Each structure stands twice: as structure tokens, then as C-alpha cells.
Amino acid sequence: MTRKTLQELFIHELSDIYSAEKQLTKALPKMARSASDPKLAEAFSAHLEETRGQVERIDQIVEGSDLRLKRMKCAAMEGLVEEGKEVMDEIEPGPVLDAALIAAAQKVEHYEIASYGTLCTFAKQLGETKALALLKETLAEEKATDEKLSMLALKQVNAEAAAAGKAK
């Protein structure tokens, strides 16, 4: 379907990120189970709960307006999730897999940050103040998750992965 107005583009992008978040709710438990670092597993579990809340926020945006989401599958998230599955299939459990899981998760976070940033801009332009507030809340959570993953990688996981490589 062609998108001829900013409103139509906003609905399309909101529908896309809704699909992305739904896909992520299925991928995060697998990532948590695959992580050998307990802090990383907990970070994935905590982000799963946060993601469920983000899906609820999108539901609130739709319920509080005359917007109607389109049924679609986010191809970008599908690819990112598939990439994460490949990592889990190809790397044996341990520090190197944990580093790869963080890398995969940060790719997801960066996609979400870009998507929510765009949606915030569209919502502001369209005068969708309630949607803007909810989208900004999610954007802040995505940025915080990215920062937590960076800190986990920098302070612990990447050094353990490097040491594991030297031990062989």
C-alpha cells in the first residue's frame, strides 16, 4: 500500500514497530536461556518485561485515537532475530556467545531507537501529543537498555570473551 500522507506513514511505522516488539517478545527468552553470564540472562529477562510494556503502550496509543494498525511483519526485526538465532546455533555456550548475544541485542536496540525516534518526530509533527509522550517513554527505555548492554560488555563480558580466546 502506498503511503501518501505523514499520517499514513506514521501508522505504517507504528504497525512495523508493533510487529518488531511482538517478535522480540519471542526471541528474548531464548537469548536469556542461551546466556551463560547471569547478569546478561537477567538483563534479557528484564528487557522482556519492558518489551511487553512497550507493546501495551502501542496498544494505548491505538485505543486512545482513531488510528488502526496494519497487520504486517517487520522484515528488519525478522532479520535481526534470525541473525541472533544463527549466533546461538553456531557459537558454543560461554563468554564468546555472551559477547555475540550482546552484539545481536544492541543491533536490535539501535533499530528500535531509530524507529522510536522517527515515530516521536512524526507524532510531534502530527500533533499526536498522547502518542508522543508514550513513544518518548519507550525511546528512553530503549536507550537505557542499550547503555546497560554496553556497560555489561565493557566491564565484564568482552574481557571474558577475549580471555577465553587466549586460553585455547
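Predicted model, so just to flag it, every value in this text is computed and none were measured. For reference, positions follow the sequence shown, starting with 1.
Remark: E42 engages no residue in a salt bridge (Lys or Arg N to Asp or Glu O under 4.0 Å) (not counting sequence neighbours). Scored by the salt bridge (Lys or Arg N to Asp or Glu O under 4.0 Å) test, K107 finds E83 as partners (sequence neighbours excluded). Applying the side-chain hydrogen bond (donor to acceptor under 3.5 Å, both in side chains) test to E160 and every residue at least two apart in sequence or in another chain returns Q156. Listed by chain and number, the residues in a side-chain contact (heavy atoms from CB on, under 4.5 Å) with E82 are K85, E86 (sequence neighbours excluded). Partners of T118 according to the side-chain hydrogen bond (donor to acceptor under 3.5 Å, both in side chains) rule, which considers only residues two or more places apart in sequence or in another chain, do not exist here. For E137, the salt bridge (Lys or Arg N to Asp or Glu O under 4.0 Å) test picks out R57, with sequence neighbours left out. The side-chain contact (heavy atoms from CB on, under 4.5 Å) test applied to V55 returns Y18, E21, K22, D59, not counting sequence neighbours. The salt bridge (Lys or Arg N to Asp or Glu O under 4.0 Å) search around K73 returns E78, not counting sequence neighbours.
Cluster partners of L154 are M151, counting Ile, Leu, Val, Met, Phe, Trp and Tyr whose side-chain heavy atoms approach within less than 4.5 Å, directly or via other members.
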**Request:** Please assess L149 against T145 for the test side-chain contact (heavy atoms from CB on, under 4.5 Å), listing each intermediate value before the final yes or no.
**Result:** CA-CA 6 Å; L149 289 167; T145 297; 4.2 Å; yes
**Message:** Set out, in order, the CA-CA distance, both residues' side-chain angles and the distance that settles side-chain contact (heavy atoms from CB on, under 4.5 Å) for H47 and E141, then state yes or no.
**Reply:** CA-CA 9 Å; H47 193 55; E141 287 175 351; over 6 Å; no
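In this structure, L14 is not a member of the same hydrophobic cluster as L132, with clusters built from ILVMFWY side-chain heavy atoms closer than 4.5 Å. When the side chains of ILVMFWY residues are joined at heavy-atom separations under 4.5 Å, either directly or via intervening members, L135 and L6 end up in a single hydrophobic cluster.
In this structure a side-chain-to-backbone donor-acceptor pair under 3.5 Å is missing from D98 to A35.
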For a quick test of your reading: what N or O donor-acceptor pairs under 3.5 Å do the side chains of residues 121-130 make, sequence neighbours left out?
{"from": "T121", "atom 1": "OG1", "to": "G117", "atom 2": "O", "distance (Å)": "3.1"}

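Note that the CD1 atom of I11 and the OG atom of S15 stand 7.0 Å from one another [nearest 0.5 Å]. With rounding to the nearest 0.5 Å, the separation of CG in L40 from CG in L152 is 5.5 Å. For the atom pair CD1 of I113 and CD of Q106, the computed distance is 9.0 Å after rounding to the nearest 0.5 Å. The distance from atom CD of Q54 to atom OG1 of T25, rounded to the nearest 0.5 Å, is 11.0 Å. In this structure, SG in C74 is found 9.0 Å from CD in E13, a value given to the nearest 0.5 Å. With rounding to the nearest 0.5 Å, the separation of CZ in F44 from CG in L24 is 10.0 Å.
With a 4.5 Å cut-off on side-chain heavy atoms, M77 and S19 do not count as touching. The side-chain heavy atoms of L101 and L97, taken from C-beta on, include a pair separated by under 4.5 Å. Residues V157 and P95 form no side-chain contact, since every pair of their non-hydrogen atoms from C-beta on lies 4.5 Å or further apart.
Screening residues 108-120 for salt bridge (Lys or Arg N to Asp or Glu O under 4.0 Å), with sequence neighbours left out, gives no hits. Listed by first and then second residue, the salt bridge (Lys or Arg N to Asp or Glu O under 4.0 Å) pairs that reach into residues 46-55 are E49-R52, sequence neighbours excluded.
Considering every non-hydrogen atom in both A104 and G84, the closest pair reads CB-CA, 4.3 Å. Of all heavy-atom pairs spanning I91 and A100, the tightest one is CD1-CB, 3.7 Å.
Between the side chains of E142 and T138, no donor-acceptor pair of N or O atoms lies under 3.5 Å.
The side chain to side chain contact (heavy atoms under 4.5 Å, CB included) test with L134 is passed by exactly one of I61, L119, I58: I61.
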